[in-house]
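Some notes on the structure that comes next.
All residue numbers refer to positions in the sequence shown, counting from 1.
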Amino acid sequence: MARPWRIEYEGAFYHLLSRGNEKRDIFIDDDDRRMFLETLGEMVERFAIDIFAYVLMNNHYHLLIRTQRANLTKAMHWFGVTYTTRFNYQHSRSGHLFQGRYKSILVENDAYLMQLSYYIHNNPLRAGIVVDFKALTDYAFSGHRLLAGAGECSWQDDAYVLGCFGKSAANARKAASRPA
């Protein structure tokens, strides 16, 4: 059976996710998570990608992105190969890191984008990595920190998601820092 085509166009929003091969961890330690985020930042610059939400879990990741050019496949191929090569080198291993192709789901409206941002950023809470909503702001490997005004990230675009709240950035940050 042939693989389904990916829908790609300028300005498209996507929910992207990928899991470790055989559901194994794709991060051994926080250095791996930092290397993943650095690689993600390189992808943003190299392929003109906007990242609005992200979270790194032990065996998978979620991204909410927008492509400025119709280049999702090229960008994600580069990202997957680059991170896997770096991870394998770091841990003296070889072979696949990710289970098959990444999944991409087209995001078609702002209401879904807001729900998706909430879903992505609350993953550590649902998985028990953090104990309560307040601790979610302290989780270093999620874009929630920037939206809540508690972190910095040079490549994450927070203005669009915060603007979806229809309030000023300060009020939107306040809303993003408490449970819905």
Practice task
Verify, without hydrogens or angle tests, whether E8 (side chain) and T73 (backbone) share a donor-acceptor contact under 3.5 angstrom.
Solution key: yes
Handout entry: Full working for side chain to side chain contact (heavy atoms under 4.5 Å, CB included) between L63 and L17
Key = CA-CA 6 Å; L63 305 174; L17 57 145; over 6 Å; no
Exercise for the section: Give the minimum heavy-atom separation between T67 and I65, together with the two atoms involved. Expected result: CG2-CD1, 4.2 Å
Handout entry: Q99 backbone acceptor or donor facing R19 side chain under 3.5 Å
Key = no
Problem - Qualifying salt bridge (Lys or Arg N to Asp or Glu O under 4.0 Å) pairs, either residue in residues 109-130, two or more places apart - result: none
Practice task
Using salt bridge (charged side-chain N to carboxylate O under 4.0 Å, His left out) as the criterion, list what pairs up with R33, not counting sequence neighbours.
Solution key: D30
Problem - D132: partners by salt bridge (charged side-chain N to carboxylate O under 4.0 Å, His left out), with sequence neighbours left out - result: none
Practice task
To the nearest 0.5 Å, tell me how far T82 OG1 sits from L40 CG.
Solution key: 11.5 Å
Practice task
List the steps, then state whether side chain to side chain contact (heavy atoms under 4.5 Å, CB included) holds for L116 with V107.
Solution key: CA-CA 9 Å; L116 186 56; V107 177; 3.6 Å; yes
Problem - Exercise: identify the closest heavy-atom pair between S142 and H121 - result: OG-CD2, 3.4 Å
Handout entry: Test of ring centre spacing under 6.0 Å for F87 and F27
Key = no
Problem - hydrophobic_cluster_shared for L64 and Y9, side chain cutoff 4.5 Å - result: yes
Practice task
Would you name the heavy atoms of N59 and R24 that are closest together and state the gap between them?
Solution key: CB-O, 3.3 Å
Problem - 4.5 Å side-chain heavy-atom contact, N123 and Y139 - result: no
Exercise for the section: May I ask whether I105 and F13 are part of the same hydrophobic cluster, defined by side-chain heavy atoms of I, L, V, M, F, W, Y residues being less than 4.5 angstrom apart, directly or through others? Expected result: yes
Handout entry: Close aromatic pair by centroid cut-off 6.0 Å: H62 and Y119
Key = yes
Problem - Rounded distance (nearest 0.5 Å) linking atom CD1 of I26 with atom OG of S18 - result: 6.5 Å
Practice task
Give, for atom OG1 of T137 and atom CG of L146, the distance between the pair rounded to the nearest 0.5 Å.
Solution key: 11.5 Å
Handout entry: Non-hydrogen side-chain atoms of I51 and V44 separated by less than 4.5 Å
Key = yes
Exercise for the section: State plainly whether one hydrophobic cluster holds both L106 and Y160, where clusters connect Ile, Leu, Val, Met, Phe, Trp and Tyr through side-chain heavy atoms under 4.5 angstrom apart. Expected result: yes
Fill in the blank from the handout: Here the side chain to side chain donor-acceptor pair (under 3.5 Å) pairs for residues 41-57, sequence neighbours left out, are E42-R86, D50-R66, D50-Q68
Completion exercise
In short, Y14 meets S104 closest at the heavy-atom pair CD2-CB, 4.3 Å
Practice task
Work out which heavy atom in L16 is nearest to a heavy atom in M76; give both atom names and the distance.
Solution key: CD1-SD, 3.6 Å
Fill in the blank from the handout: Partner of Y61 under ring pair (Phe, Tyr, Trp, His ring centres under 6.0 Å), picked from F36, Y102, F141, Y83, is F36
Handout entry: Atom pair CH2/CD of W155 and E38 - distance to nearest 0.5 Å
Key = 10.5 Å
Exercise for the section: With sequence neighbours excluded, tell me which residues meet side-chain contact (heavy atoms from CB on, under 4.5 Å) with A75. Expected result: M43, F47, I49
Problem - Joint hydrophobic cluster, L125 plus V55, side-chain heavy atoms closer than 4.5 Å - result: yes
Exercise for the section: Measure from the side-chain N and O atoms of D29 to the backbone N and O of D32, and report whether any donor-acceptor pair falls under 3.5 Å. Expected result: yes
Exercise for the section: For D25, check side-chain hydrogen bond (donor to acceptor under 3.5 Å, both in side chains) against everything at least two apart and list the hits. Expected result: none
Completion exercise
On a heavy-atom basis, the closest approach of I120 and P124 is O-CD, 4.2 Å
Practice task
Return yes if some donor-acceptor pair links the side-chain N/O of S117 with the main-chain N/O of L113 below 3.5 Å, else return no.
Solution key: no
Problem - Test item: V130 and D138 side chains (from C-beta on) under 4.5 Å apart, heavy atoms - result: no
Exercise for the section: Tell me, yes or no, whether the heavy-atom count around H91 atom NE2, taken from other residues, nucleotides or ligands under 6.0 Å, exceeds 12. Expected result: yes
Problem - Distance (rounded to the nearest 0.5 Å) between S94 OG and L97 CG - result: 11.5 Å
